[in-house]
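Notes follow once the structure below has been shown.
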Amino acid sequence: MLGLNKKDTKFLLLVIALTMLTPFLTQPFAENSGLAQFNAGYPDLMQRFAIYGIFAIGFNILFGLTGYLSFGHAAFLGVGSYSAVWMMKLLTVNVIPGIILAIVVSGLFALVIGYVSLRRSGIYFSILTLALAQMSFNLAYSVLTPITNGETGLQLALDDPRILMAKNTSGSLPNTNLFGLSMNSSAKWEVLGHVFTFNVGYYFCGVIAVIAFYISLRIFRSPFGLMLRAVKTNQTRMSYTGLNARPYTLAAFVISGMYAGLAGGLLASMDPLAGAERMQWTASGEVVIMTILGGAGTLMGPVLGAGFIKYFENIFSKINDTVLHGWFNFLPDGLENLLVTLIHPFVGKGWHLTLGALFMLVVIFLPGGLMEGGQRITKWIKNKRSGGGDPNSNKTHAPKPTPHVAE
């Protein structure tokens, strides 16, 4: 189906099912439950799961396949956001033109940045991308203020021309939409104390995320993807065969930049605001952590890493002392205060500490990221079912099969 073999088709169908069922999967606890704090089934967060999943998938095409570590990918995210907002100011608040412009402009920008940066490799390439991204951030923050609106950020205004729309007489800003279907529209379904929210914006992002995932799957399986793996394995030997690696790495860089631009365009489509902070080096570092945490070089890994980090950022950061006291109020006052004091540094404003500790544990014990952890659990379960034999034994001494791209 769609040019995929049977195994890849099942894998894609699984991804589609998980995407469509996200409102259920992220809302496991009843609203009146003490654990409702950990629910993540609200529109803004679900949208970010999909959008940053796209961002990480694109980054993985460059880093996971070629081994080139870019510290400047947030520049393309920001350029995509600015492009989309300008399209919404000048043409229409229909999200499709803005997203298309975001992809095109980010791709062209990535072509320029990649042409310069890919003259070097290794740490020198990483430093070049970081420097160029920081230059872009400072330009957006100060020099290009007439285009970016500086530190205030670019946003919609009542006096925007919007050529393809009738003159605004309502006195309020129009909502971004998909041919009249508002991105903010939601339907709620309450059952057994659970409230499931089905948001138009999330499903729009989810469909695009599935398409982006499918394209990356085809890239992984293509001869082009094999060439990128050859670059990562041994670029010197590749050059000895007469093959020039640079066109392949530049193509991967541009594709990765277009994915980032798509993510930036979607961010602007869900919330029509673009600011220079999206281009800062910390945003570039975040996508690196997402990819490594989930599993660089795998397809599902970056998506899992993006969801993991966005979950911590939005859920753990909201757990304050009031919430903690509510959890432990059944204990004696002294013990309650002690537990709150001990846990306080790891939640709320200190959620970065918890995430950092978990990231260290993953890097130390699971170098392949969360995907490696899933593989180990799967192998352990299969070993138990087969009778508990040694999983490392190989009686036939047959070579191991090539891992699936999802692994």
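The aromatic ring centroids of Phe196 and Phe24 lie less than 6.0 Å from each other. Between Phe59 and Tyr259, the ring center distance fails the sub-6.0 Å criterion. In this structure, Phe11 has its ring center under 6.0 Å from that of Phe213.
Counting heavy atoms of neighbouring residues, nucleotides and ligands inside a 6.0 Å radius, atom CD of Glu151 does not exceed 12 of them. Heavy atoms from other residues, nucleotides or ligands lying under 6.0 Å from NE2 of His194 number more than 12. Enclosure of atom CH2 in Trp281 is not indicated, since only 12 or fewer non-hydrogen atoms of other residues, nucleotides or ligands lie within 6.0 angstrom.
The shortest heavy-atom contact between Leu45 and Ala40 is CD2-CB, 3.4 Å. The two residues Ser70 and Leu62 have their closest heavy-atom pair at CB-CD2, 3.9 Å. The two residues Gly307 and Phe49 have their closest heavy-atom pair at O-CE2, 3.4 Å. Taking both residues in full, the closest heavy atoms of Leu111 and Val254 are given as CA-CG2, 3.7 Å, listed atom of the first, atom of the second, then distance. For the pair Ala157 and Lys89, the tightest heavy-atom approach, listed with the atom from each and the gap, is N-NZ, 4.2 Å. The two atoms that bring Met88 and Ala268 nearest to each other are CE-O, 3.9 Å, heavy atoms only.
When Leu250, Val112, Thr249, Leu128 are each tested for a side chain to side chain contact (heavy atoms under 4.5 Å, CB included) with Ser117, only one passes: Leu128.
Under the 6.0 Å distance and 45° angle rule, Arg119 counts as a cation-pi partner of Tyr115. A cation-pi arrangement is present between Lys310 and Tyr52 under the rule of less than 6.0 angstrom and at most 45 degrees off the ring axis. The side-chain tip of Arg48 does not point at the ring of Tyr202 from less than 6.0 angstrom away and within 45° of straight on.
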request  = Decide ring pair (Phe, Tyr, Trp, His ring centres under 6.0 Å) for His73 and Phe253; before the verdict, give the C-alpha distance in whole Å, the side-chain angles of both, and the deciding distance to 0.1 Å.
outcome  = CA-CA 10 Å; His73 256 53; Phe253 192 92; 5.7 Å; yes
key: Residue pair Leu18, Leu25: steps toward the side chain to side chain contact (heavy atoms under 4.5 Å, CB included) verdict   = CA-CA 8 Å; Leu18 292 174; Leu25 299 175; 3.9 Å; yes
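Taking the side chain as every heavy atom from C-beta outward, Thr26 and Met46 approach each other to under 4.5 Å. Taking the side chain as every heavy atom from C-beta outward, Ile163 and Leu90 never approach each other to under 4.5 Å. In this structure, Met183 and Asn177 have side chains that are not in contact, with every pair of non-hydrogen atoms separated by 4.5 Å or more. Here the side chains of Tyr68 and Leu118 are in contact, with some heavy-atom distance below 4.5 Å. Using a 4.5 Å heavy-atom threshold, the side chains of Phe224 and Ile255 count as touching. Residues Leu304 and Met290 fail the side-chain proximity criterion, which asks for heavy atoms closer than 4.5 Å. Looking at heavy atoms from C-beta onward, Gln47 lies out of side-chain contact with Phe204 at the 4.5 angstrom threshold. With a 4.5 Å cut-off on side-chain heavy atoms, Leu262 and Phe55 do not count as touching.
The main-chain N or O of Phe346 is found under 3.5 Å from a side-chain atom of Thr354 such that the two form a donor-acceptor pair.
To the nearest 0.5 angstrom, Leu338 atom CG is 4.5 Å from Leu342 atom CG. Remark: Ile219 CD1 to Arg221 CZ distance equals 14.0 Å, nearest 0.5 Å. If you take CD on Glu277 and OG on Ser81, they are separated by 9.0 Å, rounding to the nearest 0.5 Å.
The aromatic rings of Phe312 and Phe316 lie parallel to each other, their planes meeting at an angle below 30°, with 60° marking the opposite boundary.
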